[in-house]
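Notes to accompany the following structure.
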Amino acid sequence: MSIDTPLFEGRLVRLGTIDHEKDPAIVSAWSHDTGFMRMMYLEPARPLSTWQAKKKLEELEKSLEEDKNACHFRIRTLAEERLIGFAELTWISWSNGSAFVRLGIGAPEERRKGCGREALALLLRYAFSELNLHRLTAVIQEYNLPAIGLFKSCGFTEEVRRRQALERDSRRWDLLHFGLLAAEWKENAR
Amino acid sequence: MNENLLRGGLVRLSVEDPESLAKLVSQWCADSEYSRLLDWDPARRASAKTIQKWFEKQQENNDSHIFAIRVLDDDRVVGEIGLDGIRWTHRDCFVGIGLGDRACWGRGYGTDAMKVILRYAFTELNLHRVTLDVFNYNPRAIRSYEKAGFVHEGRQRGMLLREGRRWDVLYMGILKEEWLAANGQQ
């Protein structure tokens, strides 16, 4: 990879920005998919109206402008620019070169096609080759097997197991932290 | 029923006016090691006024429980301890502690304060577990947390860069059942 290799574009997806006209209705639809919401969030699943989703996206964009310690992307299909998910670096600590990573494919028909994997690969390259971060952390619920599989296959290793940190469906679940160092990513990318 | 939940063997926990606690914390943070043990953001100086505003915000928030640590012998405020980021549906939260007065390090005050706040977390807030993170250049704190009953749950490798070296962030946790087994019905 070199300076002219596109950072935001893969073969299936691109890392895009928020479309305040079209995205709210899609985000509202995803929020009614409680299975997806429970995979993505620790907060109780709670559906949003399109109006609520629009406000949330506006607030998000405003906070990204002000805080400078997060990079959020909307995952869009390369062909139609359709919103299918999101990929985020949050809690960036510039002095330590560390950040947390989150990624989700909200569109059910786009799962298991390699879109998430490609978006994660783009996000990792951005984090390590453009932001020059030293390491990334992904916090994943023990029951989110697709995410665990994806992050492990991209080189992440389990570093922390917060025992019984969650309660869902009347049982306790662990919360896992996976880590990836820049050196490990470079080694894998060769 | 324990009628004095906030009192331990060596210290007691109290809630102070933002103004008075902020003055102390601002002095403590003049000691850069205090900041570096407490936080992974770069150490910086904050005025008492800035810290006061932060405490005011915390005190307006029902889900934040920040206490001053007072030594029983002379009732002096020597540190701060707080529960933060409570997730009520999962009954998990983080705890953070700092002893600003260096003369008080190594006397068991921190461990005692931690035991007091764990009792509050488990028997009054009815939490299921309490989490903390600590840096691997802080063995004194790690030893204290182990004594208070925390179990090692893993380490984020090389999370911090200080003095030209990479350091790990250790995670520790304690479950209510573990706390009960060690402390019985208090």
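These values consider heavy atoms only, across backbone and side chains, with no hydrogens, waters or symmetry-generated copies. Proteins come first, then strands; the chains are lettered A, B, ... in the order of their sequence lines, and each starts at number 1.
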* Inter- and intrachain pairs under salt bridge (Lys or Arg N to Asp or Glu O under 4.0 Å), touching residues 157-166 of chain B, at least two apart -> A/Glu159-B/Arg157, A/Glu184-B/Arg157, B/Arg36-B/Glu163
Got more than 12 heavy atoms from elsewhere within 6.0 Å of [atom1], [X]?
X        : atom1 : value
B/Lys176 : NZ    : yes
A/Glu65  : CD    : no
B/Glu146 : CD    : yes
A/Glu109 : CD    : yes
A/Arg171 : CZ    : yes
B/Lys23  : NZ    : no
A/Trp91  : CH2   : no

Do [X] and [Y] sit in the same hydrophobic cluster, where Ile, Leu, Val, Met, Phe, Trp and Tyr count as joined when their side-chain heavy atoms come under 4.5 Å apart?
X        : Y        : value
B/Tyr34  : B/Val11  : no
A/Phe8   : A/Val13  : yes
B/Val15  : B/Leu21  : no
A/Phe178 : A/Leu133 : yes

Minimum-distance pair of heavy atoms, taken over all atoms of [X] and [Y]:
X        : Y       : answer
A/Ala165 : B/His90 : O-CB, 3.4 Å
A/Pro44  : B/Thr89 : CG-CG2, 3.4 Å
A/Ser95  : B/Trp40 : OG-O, 4.3 Å

* Asked: Which residues in residues 136-154 of chain A have any heavy atom lying under 4.5 Å from a heavy atom of chain B?
  -> A/Thr137
* Could you check which of B/Asp168, B/Asp92, B/Asp41 has the highest count of heavy-atom pairs closer than 4.5 Å to chain A? => B/Asp92
* Could you check which of B/Arg91, B/His152, B/Met172 has the highest count of heavy-atom pairs closer than 4.5 Å to chain A? => B/Arg91
* Structure fact -> Rounded to the nearest 0.5 Å, the OG atom of A/Ser98 sits from the CG atom of B/Leu160 at a distance of 7.0 Å
* Straight-line distance of A/Gln164 CD to B/Leu175 CG, nearest 0.5 Å -> 4.5 Å
* Counting distance only, does the side-chain N/O of B/Arg129 pair as donor-acceptor with the main-chain N or O of A/Arg163 below 3.5 Å? -> yes
* To do: Start with the C-alpha distance between A/His177 and B/Glu153, add both sets of side-chain angles, then the distance that settles side-chain contact (heavy atoms from CB on, under 4.5 Å), and finish with yes or no.
  => CA-CA 10 Å; A/His177 293 211; B/Glu153 295 188 319; over 6 Å; no
* Structure fact -> Okay, A/Arg162 and chain B: the region with an atom under 4.5 Å from a heavy atom over there is both
* Asked: Are B/Met159 and A/Asn96 close enough that some pair of their side-chain heavy atoms sits under 4.5 Å apart?
  -> no
* Can you check whether B/Arg87 reaches A/Leu42 side chain to side chain, under 4.5 Å on heavy atoms? -> yes
* Asked: If you measure only the distance, is there a donor-acceptor pair under 3.5 Å linking the side chains of A/Glu167 and B/His128?
  -> no
